[in-house]
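Read the structure below first, then the notes.
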Amino acid sequence: ASADSCWNHNGSLMRLQAQGNQRWISYEIPRPQLRAGGVERGTLLFNGVKQGNWYRGTARVFSKFCPGTPLEYAVEGPVRSDQLQVTVRGTREIYNRCRPTGRYTTDTLVFTYSHQC
């Protein structure tokens, strides 16, 4: 996909921007449930690098209990061989109303190419 393209992710339309090996994925049209957490057009979900067919970087999780303060965590994963899907995974702490719980979960984020924005 080119330097500026749109991707589907979990009910939201995302914008992937690339410059060299740097990558940014932000919300273009967030699904309605995310708006309570402060997510709007342009909110950054992922930033990192593409090395070969592998993404590595930082993802964010948003909560209506902590608007404007996303939890950041490390993710990485492959680009599908046809370049039309990116899947990154990372482990993050589970928070309850902005407080860490000491429990962890692994998140999988899947981005599927939609169209040129």
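Values below: every heavy atom of this structure, side chains too, minus hydrogens, waters and symmetry copies. Keep in mind that what you see is a predicted model, and the values were worked out from it rather than measured.
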Just grab all the side chain to side chain donor-acceptor pair (under 3.5 Å) pairs involving residues 95-106, residues at least two apart or on different chains. Thr91-Thr106

Straight-line distance of [X] [atom1] to [Y] [atom2], nearest 0.5 Å:
X     : Y      : atom1 : atom2 : result
Trp7  : Arg15  : CH2   : CZ    : 13.5 Å
Phe62 : Glu40  : CZ    : CD    : 10.5 Å
Cys6  : Ile29  : SG    : CD1   : 7.5 Å
Ile25 : Thr43  : CD1   : OG1   : 14.0 Å
Asn10 : Thr108 : CG    : OG1   : 11.0 Å

For the residue pair Ser114 and Asn8, what are the closest heavy atoms and their distance? CB-ND2, 3.7 Å

For Gln51, I'd like to know if atom CD has over 12 heavy atoms of other residues, nucleotides or ligands within 6.0 Å. yes

Report yes if some heavy atom in the side chain of [X] is under 4.5 Å from a heavy atom in the side chain of [Y]; otherwise report no.
X     : Y     : answer
Ser12 : Leu34 : yes
Ser5  : Leu16 : yes
Phe46 : Val86 : no

Would the distance check show the side chain of [X] and the main-chain N or O of [Y] forming a donor-acceptor pair, the cut-off being under 3.5 Å?
X      : Y      : answer
Gln116 : Asp4   : yes
Ser63  : Phe65  : yes
Arg92  : Asp107 : no
Glu93  : Gly102 : yes
Arg89  : Thr87  : no

Group every Ile, Leu, Val, Met, Phe, Trp and Tyr by side-chain heavy-atom contacts under 4.5 Å, then state whether [X] and [Y] land in the same group.
X      : Y      : answer
Tyr73  : Val39  : yes
Leu45  : Leu13  : no
Ile94  : Leu109 : no
Tyr113 : Met14  : yes

Pairing of Glu28 and Arg41 as salt bridge, 4.0 angstrom limit: yes

Just to verify, which of Gln17, Glu72, Arg60, Arg23 counts as forming a side-chain hydrogen bond (donor to acceptor under 3.5 Å, both in side chains) with Asn47? Arg60

Ring pair (Phe, Tyr, Trp, His ring centres under 6.0 Å): pairs with one or both residues in residues 8-35, sequence neighbours excluded: His9-Phe111

Lys50: what forms a side-chain hydrogen bond (donor to acceptor under 3.5 Å, both in side chains) with it, not counting sequence neighbours? Gln83

